[in-house]
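Heads up: the structure comes next, in structure tokens.
Note that the structure is a prediction, hence the values are computed from the model and not measured. Every chain is numbered from 1 and lettered A, B, ... according to where its sequence line falls, protein lines coming before strand lines. What's counted below: heavy atoms across the whole structure, side chains too, no hydrogens, waters or symmetry copies.
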Amino acid sequence: MAENKKETGKNDAGKEAVLPPKSEFSEWFNSIIDIGQIMDVRYPVKGLYVWYPFGFGIRKRVYNIIRDVMDNSGHEETLFPLLIPETEFMKEADHIKGFEDEVFWVTHGGVTPLDVRLALRPTSETAIYPMYQLWIRSHADLPLKLYQVVNTFRHETKHTRPLIRLREITSFKEAHTVHATWDDAKNQVDEAVGLYTDIYRQLSVPVLISKRPDWDKFPGGDYTIALDTIMPDGKTLQIGTVHHLGTNFAKTYDITYENAEGEQEYANQTCYGISERSIAALISVHGDDKGLVLPPAVAPIQVVVIPVLFKDTTEAVMKACNDVVESLRKTGLRVEMDASDMRPGAKYYKWELKGSCLRIEIGPRDLEKNSAVLVRRDKGEKQFVSLDGIAETVGAELKQMADDLYTTAEEKMNAMIVPCETVEEVVAQIGKGVATLPWCGCEECGMKIEEETNGSILGTPNLETEIKKGKCPGCGKEADQTVYIAKMY
RNA sequence: GGGGCUGUAGGGUAGCUUGGUCCAUCCUGCAAGGCUGGGGGUCUUGCGACCUGAGUUCAAAUCUCAGCAGCCCCA
């Protein structure tokens, strides 16, 4: 009875209680991770989670995109060991300071204590650079551009959450490049920012690019450019970082090359990374009250075909559905037919939750008109399309959907950025989105601003927007830059 | 780093204040079957749980302590 459902169910429509509204973002995110079958959070170690096959299917496609972008820009994939000897790890002082509080250590082999403890990599600089020291001899070896996709470990003390703050990052794509000059490395940083922007464009995720303030740069690096996106609750999520390492690590690990004049010089290096936060971003940016909305490029099921079955017409409808499935698969699409014995309505909800991009319904009424009902996941409106040439129709819709997702997301993001001039304005904006604020650039004012606004300075926009004149709220002096301020994940 | 809260079937819950009514309630899920089928149908039958350990007690889901795990707030 409907009355019973209303009493016991969690939502008043009497529907099966499943997903909280996206306006309660934290709840929504936790639920979608679970019932969207992204990850199982029940693994009994804090901060470690299990990829469901469905979630892994998304991951696989996201990382295919990442690999393609890397491979097509002169990078080569490689693989370094998980364990790093303490002796190597401890060489770079600033780097250690940045990570030592959160390193997991392997201390025993069986019951025997190890002479040299082994770190589970929190990131791989100290694993890779000793080898670079051996590999790099002359300027002819440069530039060297390698990357790997690995798991890394950090003993996070803050609240862990799937995809966003993990003790085992399962999907860390890290690139490590070596160049002759500082400027060469700088150009590589700029290229990497472009590559990452491209990757996120393919995921229809808009990004903010900024140069992190000095106190927030990569430990041991010269400077850091970061990519952030704005989550639905107004907090920003850092979803990519690019670091210029200068010659800092080269000096530590003695990475030198012989230049054209026959002299040994220290190499300049960069490193940059993307993790499964990319997946957190794409889920959070596009999803809605009904569940996942996935860009066609990464949706495990791009098209679901749902037969509307009645006794007398079952055979004809099934045949028509099979024909459609076959013709779509021929064009390389990931298509599934749901011929289970759920009611059609229940199937619609199920596949909307799972983020299937397009739904095709075919019933007896459609067959009479040689047509089908087509529904795009992001729009939700039904349209009637001819069964003739349906593969072309579907292809065009998917393409349009990818573009629309980006446009919509970008508009939403831009609406969450508000230019501010005073601390008070920033305070009002923090929690709703990102504020911009003039800043003189000194650390003292930066700290003061962060404290008074209860936000974090993301950094200075990298790509040249118009520089707004204004006074730094910290010291009152004329500011020479504008910064993003927000609550960060 | 500091503080608060929570842990009952796969998921969500009732029971806990006042120990015994509890071989633990309801919804959902899952399995089998019937009638069905264009936006979460319905009926029948079945499956499935007190986080772990120690303690108090004649008796613990219920009280105490510790561990583990999770959630929220503050820095």
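- For the pair A/Val45 and A/Pro344, nearest-nucleotide mapping onto RNA chain B gives the more 5' position to A/Pro344.
- Of all heavy-atom pairs spanning A/Arg167 and A/Glu156, the tightest one is NH2-O, 2.9 Å.
- Using the six-membered ring where Trp is involved, A/His95 and A/Phe99 have ring planes that are tilted, between 30° and 60° apart.
- Both geometric conditions, a ring-centre gap below 5.5 Å and a plane tilt below 30°, are fulfilled for A/Tyr349 over the base of B/G40.
- The partner of B/C47 is B/G29, judged by Watson-Crick or G-U wobble contacts that both fall below 3.5 Å.
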Hey, what are the protein-to-nucleotides 9-11 of chain B N/O distances that come in under 3.5 Å?
{"from": "B/G10", "atom 1": "O3'", "to": "A/Arg42", "atom 2": "NH1", "distance (Å)": "2.6"}
{"from": "B/G10", "atom 1": "O2'", "to": "A/Arg42", "atom 2": "NH1", "distance (Å)": "2.9"}

Taking N or O atoms only and anything under 3.5 Å, show me the protein contacts with nucleotides 47-54 of chain B, one pair per line.
none

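- A salt bridge links A/Glu361 with A/Arg359: the closest approach of a Lys/Arg side-chain nitrogen to an acidic carboxylate oxygen falls below 4.0 angstrom.
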Could you write out each protein N or O paired with an N or O of nucleotides 72-75 of chain B at a distance under 3.5 Å?
{"from": "B/C72", "atom 1": "OP1", "to": "A/Ser26", "atom 2": "OG", "distance (Å)": "3.1"}
{"from": "B/C72", "atom 1": "N4", "to": "A/His159", "atom 2": "NE2", "distance (Å)": "2.9"}

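- Across all strands shown, A/Gly47 has heavy atoms under 4.0 Å from sugar-phosphate atoms exclusively, and none from any base.
- Within the nucleic acid shown, A/Lys311 comes within 4.0 Å of sugar-phosphate atoms alone, with no base atom in reach, counting heavy atoms only.
- A salt bridge links A/Arg377 with A/Asp288: at least one charged nitrogen is closer than 4.0 Å to a carboxylate oxygen.
- A salt bridge is defined here as a Lys NZ or Arg NE, NH1 or NH2 lying under 4.0 Å from an Asp or Glu carboxylate O, and A/Lys399 with A/Asp404 fails to meet this definition.
- A/Val41 comes within 4.0 angstrom of nothing in the nucleic acid, heavy atoms only.
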